[in-house]
Student: 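Questions regarding the structure given below will be posed in turn.
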Amino acid sequence: LAARGALAPAARAAAKRAERYLVETQLDDGSWPDNGYLFTIIPPTFYTWGWQRYYYPLFGLGRWQRVAASRPRGAKSRPIGQRARALMRPSVCLDHCLDHARTVGDPLVDALVGHLERAPRGCEIDAALARYCRSGEIARGLPRPLARFLEDERVPAWAEPGRLASAARFAERNSLAIACALFCAALPAAFTGAKGVSVLQATRRVRDDLDRRVNETGRFVFDVVMPGGFTSGRAVRSAKCVRLMHAVVRSRVGARLRAKRREASGEVPINQEDLLGTLTCFSVVVIDALDKLGVPFTSAEAEDYLHLWR
């Protein structure tokens, strides 16, 4: 209902059933039963928010009522922005460019992690990094190169603050639809990359700790796209935590994966091609999914959202 995509006849029928279900199941206190789930596919093991059982059903009903009253039956949504479509067509980059990208990880952070794994206080540093990722606190006594990396919360010089703010407002206004697009379009698309998925298999995170793995990804995405993420430093901190985690994976499973594949290609796990694919899923695939859901947005809003993820 909240995605505002129920415009086709079959989807309208499903939306009407959802509307009827919510009307019939509202509790006496004005909330709805949710069994502790924040969203349908986010179990109560990581995120908790007491008001979701009041807010989301009302939000969905309100949006559906507005769409049902204003859009004619069978109306088509506005075509997706031309640039987003262009980004989804085959790239002008030659195959050998992407082949080379598979040999490149994140040189700066890989070097930091390599130094840390040889340091005598490895356990203390691991705890300090975990505290940084939870709260943004930079512990005293960290190796100076790592401390400098964590302290620098600048955004790239080419980033335009006005466009970042515009993208954040767009994301906040469409947060439920974006969550739907992430879990039902972007992540499934990301998991189709066979070589990238082999890293997930090697780390066993998806197999042994699926809820936490998926919810950590969701937390990173919303740290980046929600208002204030770049001005407060939250977006940069969250991205650095992901970069550090990826570097640890490259360090610890890279040799094992290369030996298993019996390759001498020089490929590294979570390489620049993998990251480019993930970036495309979080940006272009999400915009395409919003368009398919019938979420209204302008070409300028789509461009700003792509600018943010760049």
Student: How close do Thr25 and Tyr21 get, heavy atom to heavy atom, and via which atoms?
Tutor: OG1-O, 2.7 Å
Student: To the nearest 0.5 Å, how far apart are CG in Leu275 and CG in Leu279?
Tutor: 8.5 Å
Student: Apply salt bridge (charged side-chain N to carboxylate O under 4.0 Å, His left out) to Glu137 and list each qualifying residue two or more places apart in sequence or on a separate chain.
Tutor: Arg131
Student: Determine which pairs satisfy salt bridge (Lys or Arg N to Asp or Glu O under 4.0 Å) with at least one residue from residues 175-184, sequence neighbours left out, and list them in order.
Tutor: none
Student: Could you report the tightest heavy-atom contact between Phe220 and Ser238, atom names first, then the distance?
Tutor: CD1-OG, 3.4 Å
Student: Can you list every pair that meets side-chain hydrogen bond (donor to acceptor under 3.5 Å, both in side chains) and has a residue in residues 226-236, with sequence neighbours left out?
Tutor: none
Student: For the CG atom of Asn271 and the CG atom of Asp106, what is their distance to the nearest 0.5 Å?
Tutor: 11.5 Å
Student: Do the non-hydrogen side-chain atoms of Thr217 and Phe183 ever get within less than 4.5 Å of each other?
Tutor: no
Student: Taking all atoms of both residues into account, what is the closest heavy-atom pair of Val225 and Leu308, and its distance?
Tutor: CG1-CD2, 4.0 Å
Student: Out of curiosity, Tyr305 OH to Ile287 CD1, how far, rounded to the nearest 0.5 Å?
Tutor: 6.5 Å
Student: Looking at residues at least two apart in the chain, or sitting in another chain, which of them share a side chain to side chain contact (heavy atoms under 4.5 Å, CB included) with Ile138?
Tutor: Tyr132, Leu142, Leu150, Glu151
Student: How close do Ser175 and Phe222 get, heavy atom to heavy atom, and via which atoms?
Tutor: O-CZ, 4.0 Å
Student: Would you say Phe149 and Leu244 make side-chain contact, with heavy atoms under 4.5 Å?
Tutor: yes
Student: Minimum heavy-atom separation for Phe170 to Leu290, with atom names?
Tutor: CZ-CD1, 3.7 Å
Student: Can you name the residues that form a salt bridge (charged side-chain N to carboxylate O under 4.0 Å, His left out) with Arg169, not counting sequence neighbours?
Tutor: none
Student: Tell me every residue that passes side chain to side chain donor-acceptor pair (under 3.5 Å) with Gln272, counting only those two or more places apart in sequence or in another chain.
Tutor: none
Student: Of all heavy-atom pairs between Asp110 and Ala247, which one has the smallest distance, and what is that distance?
Tutor: OD1-CB, 3.4 Å
Student: Using the rule that Ile, Leu, Val, Met, Phe, Trp and Tyr join whenever any side-chain heavy atoms are under 4.5 Å apart, tell me whether Val104 and Ile270 fall into a single cluster.
Tutor: no
Student: Between OG of Ser251 and CG of Leu112, what distance do you get to the nearest 0.5 Å?
Tutor: 12.0 Å
Student: Roughly how far apart are Glu24 CD and Glu19 CD, rounded to 0.5 Å?
Tutor: 10.5 Å
Student: Using the salt bridge (charged side-chain N to carboxylate O under 4.0 Å, His left out) criterion, which residues pair with Arg154? Sequence neighbours excluded.
Tutor: Asp152
Student: Under the side chain to side chain contact (heavy atoms under 4.5 Å, CB included) rule, collect the residues that match up with Gln26, sequence neighbours excluded.
Tutor: Trp32
Student: To the nearest 0.5 Å, tell me how far Leu146 CG sits from Arg144 CZ.
Tutor: 10.0 Å
Student: Output all residues satisfying side chain to side chain contact (heavy atoms under 4.5 Å, CB included) with Thr278, sequence neighbours left out; order by chain, then residue number.
Tutor: Phe282
Student: Just jot down the side chain to side chain contact (heavy atoms under 4.5 Å, CB included) partners of Ala185, sequence neighbours excluded, or say none.
Tutor: Val285, Ala289
Student: With sequence neighbours left out, what residues match Glu153 under salt bridge (charged side-chain N to carboxylate O under 4.0 Å, His left out)?
Tutor: Arg237
Student: Please list, chain by chain and in numerical order, all residues satisfying side chain to side chain donor-acceptor pair (under 3.5 Å) with Asp304, sequence neighbours excluded.
Tutor: Arg163, Ser166
Student: Quick one: does any side-chain atom of Thr103 pair with a main-chain N or O of His100 as donor and acceptor, under 3.5 Å?
Tutor: yes
